[in-house]
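Chain letters run A, B, ... following the sequence lines, proteins first and then strands; every chain starts at 1.
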Protein chains: 2
Amino acid sequence: METPPLADVIINSFDGYSAEVRKAARFVLDNPRDVALLSMREQARRAGVQPSTMMRLAKQLGFEGFDPVRDAYADAMRNPATSFEGKARDQQRLQDLGGDQALAAKIVASVTRQLQSLSAAEQLVRLSDAATLLAGARRVYCLGLRASHPIAWQLNYILSLVGDKSVLLDDIANTGSDRIRFAGKEDVLFAVTVTPYTQLTLDIVDYAHKQGVPVVALTDSPVSPLAKRATITIATTTESPSFYHSMTPAFLLAEILAVLVAGQGEKETLEALRQVDSYHASLGTHATTRPHPTATPSKEIQ
Amino acid sequence: METPPLADVIINSFDGYSAEVRKAARFVLDNPRDVALLSMREQARRAGVQPSTMMRLAKQLGFEGFDPVRDAYADAMRNPATSFEGKARDQQRLQDLGGDQALAAKIVASVTRQLQSLSAAEQLVRLSDAATLLAGARRVYCLGLRASHPIAWQLNYILSLVGDKSVLLDDIANTGSDRIRFAGKEDVLFAVTVTPYTQLTLDIVDYAHKQGVPVVALTDSPVSPLAKRATITIATTTESPSFYHSMTPAFLLAEILAVLVAGQGEKETLEALRQVDSYHASLGTHATTRPHPTATPSKEIQ
DNA sequence: GCTTTAATGAAACAAATGTTGCAAGAAGCG
DNA sequence: CGCTTCTTGCAACATTTGTTTCATTAAAGC
């Protein structure tokens with residue numbers, strides 16, 4: 001909490017307060033954390049003030065009661081990186097918005113908060129360890145079904161840009177996972193699933209685990225059923241204000257993981273990327289400033 | 001709070017807990033801050049558990065009641081030395097980190113910054129407008145190839161959970177886009193591509209545009225070739241400190257869009273979600289609390 | 001100095017909290 | 001199958017919570 005919430009407001013109007021309210025305000029200024037962590041009465045006790053005085057302070061600050069004040073401080077503690085000024089502004093603006101926009105903004109805020117926790121120390125260590133494991137593997141099998149598909153796909157896609165050792169365990173006609181049969185100790189299985197855990201994913205991981213294949217798990221808790229079979233577990237949250245959980249944090253983790261793995265084979269990566277470019281150039285996969293020969297010039301396309 | 005209090009203890013004895021206590025333990029593991037900031041009953045509610053279960057967890061951890069548990073977490077939040085609150089400290093730490101971890105942290109920081117800009121006012125308006133357009137469509141065609149695949153897939157997936165009007169323009173044997181032939185003015189094409197723009201995507205959008213199909217574009221610039229054919233353009237950045245651009249912001253936008261669209265048909269959404277549940281229940285798609293019959297008990301797996 | 005206004009503390013309130021005990025149910029065992 | 005043990009939800013408990021009200025006190029204005 002770099003800039004405690006309401007600090008400016010309190011300081012500005014401090015002189016206008018009465019003696020007792022000042023004591024309360026002073027306590028809030030000096031012990032921002034306790035505002036969130038202690039009961040109002042306990043704070044009153046410590047500030048040497050009546051509970052009603054805390055109440056009066058809250059109202060003078062423009063709140064209905066003390067709970068909103070505590071909420072403000074609690075929010076600030078939940079998300080240490082975002083300064084309160086920005087948050088207050090956002091909060092204010094949120095109330096002016098329609099339902100859709102407000103929900104959208106809420107989701108962004110929630111996911112942003114979760115992303116920040118991804119750079120916690122152990123998280124980084126795990127990512128780095130997982131990257132090393134993947135980079136050393138003969139083959140990387142990527143497994144993510146249903147909601148987790150984009151995550152597994154993304155890892156496989158990026159790894160495929162820089163080499164041919166990645167295999168996506170997904171295919172039509174229910175043959176998706178067949179190739180896991182060829183995995184061994186020198187390979188690695190990258191598996192993703194979150195609540196509600198896909199049974200098939202667990203089954204496949206279980207099989208691979210028994211075959212001695214190291215498993216890198218990306219899931220939503222260190223105690224998820226996936227984590228139990230994993231060599232390295234990378235955990236993230238999927239919380240969201242909406243009915244559907246967000247896969248965005250997991251998606252970012254997969255991207256980061258892929259980039260780290262690619263980075264470990266520096267020379268090969270560069271060489272591979274050069275090949276990708278010339279490959280696509282000759283196929284006309286991408287639009288250039290001038291579209292490829294068979295298409296009409298872009299200006300006329302408009 | 002780098003290492004949340006009791007985390008090790010909980011993880012270690014997790015397997016010894018009963019199903020309900022596990023739910024509680026899991027919540028504590030996943031939401032360490034809320035343990036300090038919320039009332040026990042509120043935590044029980046969020047964990048989907050009875051207050052008594054929280055009590056049981058506390059006792060199994062060797063405490064008299066829940067208050068001592070909360071105190072432990074509160075202490076961790078108060079003391080900046082053991083918490084990861086300090087931005088400055090993070091910065092400091094970054095410099096001590098190895099290349100991989102530093103890069104990972106940088107990517108997180110970069111993407112976080114970009115996400116925050118997604119809740120800019122105009123962005124929200126566009127999202128909301130796009131959602132309305134999509135919600136009113138007879139059919140929604142989702143198109144995203146190569147790097148943009150996860151984004152289009154995600155929108156289609158979520159929409160498919162709550163209805164049958166979404167079509168993913170992707171299929172094997174180069175027949176992916178054929179179904180766009182049936183699109184008309186009452187439908188909407190949701191198309192995604194970023195630099196380097198996939199030519200095929202542009203071609204398909206071009207075709208649809210000529211047929212009078214409204215287009216919602218998700219791309220990396222308001223002046224991208226995709227934007228020119230679009231009714232509504234949602235723009236985001238794909239910047240990243242690494243060699244590969246990040247699709248995470250676009251991914252989040254697609255998630256939000258999907259949720260907004262689903263939210264517009266409130267009753268139908270709820271009904272559909274209920275159907276989804278019973279459908280998967282009868283197919284056994286998802287793992288239940290108890291591991292499925294064929295798997296060995298978790299203790300032995302570890 | 002008397003009246004009006006504001007500030008303070010104490011008591012009372014309903015609501016929510018942490019906690020306990022118990023009965024119904026499920027799981028495990030012989 | 002019956003018996004026991006463990007698990008789970010429910011209802012009740014006494015506290016504590018946030019909040020309101022009101023009488024008392026201090027200050028300010030004329």
Which residues within residues 13-25 of chain A lie with some heavy atom under 4.0 Å of an atom in DNA chain C?
A:S18, A:A19, A:E20

All side-chain contact (heavy atoms from CB on, under 4.5 Å) counterparts of A:T233, not counting sequence neighbours:
A:A217, A:T219, A:A227, A:A230

Atom CD of B:Q50 and atom C1' of C:dC22 are separated, to the nearest Å, by 14 Å

List in chain and number order the residues that pass side-chain contact (heavy atoms from CB on, under 4.5 Å) with A:A183, two or more places apart in sequence or in another chain; answer none if no residue qualifies.
A:Y141, A:I180, A:D187, A:V213

Indicate every side-chain donor-acceptor pair of residues 14-27 of chain A with a distance under 3.5 Å to a residue at least two apart or in another chain.
unit_1, atom_1, unit_2, atom_2, d
A:Y17, OH, A:S13, OG, 3.2
A:E20, OE2, A:K23, NZ, 3.4
A:R22, NE, A:Y17, O, 3.2
A:R22, NH2, A:D15, O, 3.4
A:R22, NH2, A:Y17, O, 3.1
A:K23, NZ, A:G48, O, 3.4
A:R26, NE, A:D30, OD2, 2.9

Applying ring-ring contact (aromatic ring centres under 6.0 Å, His included) to B:F251 and not counting sequence neighbours gives A:F251

Measure CZ/B:R45 against C1'/C:dA15 and give the value in whole Å, please.
12 Å

Solution key, residues 63-70 of chain A side-chain donor-acceptor pairs under 3.5 Å, sequence neighbours excluded:
unit_1, atom_1, unit_2, atom_2, d
A:D67, OD1, A:R70, NH2, 3.2
A:R70, NH1, A:L38, O, 2.8

Restricting to ring-ring contact (aromatic ring centres under 6.0 Å, His included), what partner residues turn up for A:Y244, sequence neighbours left out?
none

Residue set satisfying salt bridge (Lys or Arg N to Asp or Glu O under 4.0 Å) with A:R179, at least two apart, ordered chain then number -> none

Flag for A:S119-A:Q123: side-chain donor and acceptor within less than 3.5 Å
no

For every nucleotide of nucleotides 18-27 of chain D, 5' to 3': is a protein heavy atom under 4.0 Å from its base (B), only from its sugar-phosphate (S), or from neither (-)?
BBB-------

